Amino acid sequence: MTIRPILIHPDPRLKKAAEPVGDITDEMRALADDMLETMYDAPGIGLAAPQIGVMLQLLVMDCVKEEGEAHRPMAMFNPEIIWASDEMSTYEEGCLSIPDQYAEVDRPAEVDVRWTDVNGEVQEERFKDLWATCVQHEIDHLNGKLFIDYLKPLKRQMITRKMQKLKRERARA
Ligand code: K1U
Ligand code: ZN
């Protein structure tokens with residue numbers, strides 16, 4: 001398994017829609033493993049393939065936060081939201097592609113998601129709480145959308161400028 005570099009906003013690949021995945025091959029399973037390792041290393045609770053520059057519809061997540069509770073690593077190919085609650089919830093989101101920036105985002109409190117798993121089986125499940133927030137944030141990445149796209153333009157521009165500065169500093173280092 002390999003830890004892959006995570007793209008930092010602004011990057012054109014983070015604004016583009018990802019392509020559907022066909023057969024779930026060993027190569028796809030290895031990619032999912034790399035993404036999980038990259039996510040845990042960051043550390044984060046989710047990661048979408050475009051964040052490592054791979055323009056495929058694949059996301060990974062594990063929102064288990066309790067100390068001592070077993071991890072639940074999930075990999076979803078071609079995930080789609082098939083139902084969303086009218087009830088909304090607000091969470092202060094972060095993004096591994098926008099380090100150290102956080103903002104409140106409103107999203108449906110519960111969603112039903114259909115996806116293909118690492119064995120090529122179609123799965124459906126209802127997600128709540130942080131899992132619902134995270135899976136929606138990751139599916140947004142697959143559609144070229146970032147959490148800052150939900151913010152007012154001025155706040156979004158401020159964050160984008162900070163990220164441009166961060167990228168310049170990292171390039172010099
Ligand atoms: O997609 C990403 O950039 C990952 C992102 C997922 C996410 C966070 C918060 C709300 C919605 C989606 C992150 O994982 S940011 C890091 C983070 O939230 C975290 C890091 C360490 C421990 C706990 C959380
Ligand atoms: Zn993100």
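Order of listing sets the numbers, starting from 1, for every ligand and every atom in it. The shown structure was predicted, so the numbers you read here are calculated from the model rather than taken from an experiment.
The protein non-hydrogen atom at the shortest distance from atom 11 (C) of ligand 1 is His137 ND1, 3.7 Å. The shortest contact between atom 20 (C) of ligand 1 and any protein heavy atom is with Pro43 O, 3.2 Å. Taking atom 5 (C) of ligand 1 as the reference point, the nearest protein heavy-atom neighbour is Gly94 O, 3.8 Å. Of the protein's non-hydrogen atoms, Ile45 CG2, 3.8 Å is the one closest to atom 24 (C) of ligand 1.
For ligand 1, none of its N or O atoms has an N or O atom of Glu93 under 3.5 Å away. The shortest N/O to N/O separation between Gln51 and ligand 1 falls below 3.5 Å. Polar contact with ligand 1: present for Glu138 (N/O pair, distance under 3.5 Å). For ligand 1, the polar-atom distance check against Leu96 finds a nitrogen or oxygen pair separated by under 3.5 Å.
At a heavy-atom distance under 4.0 Å, no atom of Met39 approaches ligand 1. With a 4.0 Å heavy-atom cut-off, ligand 1 is reached by no atom of Met61.
Interface atoms of ligand 1 facing Cys95, defined by a heavy-atom separation under 4.0 Å, are 3 (O), 15 (S). The Gly46 neighbourhood of ligand 1 comprises atoms 1 (O), 2 (C), 4 (C), 14 (O), with distances under 4.0 Å to a heavy atom of that residue.
In terms of distance to the Zn ion (ligand 2), the nearest N, O or S atom of His141 is named NE2.
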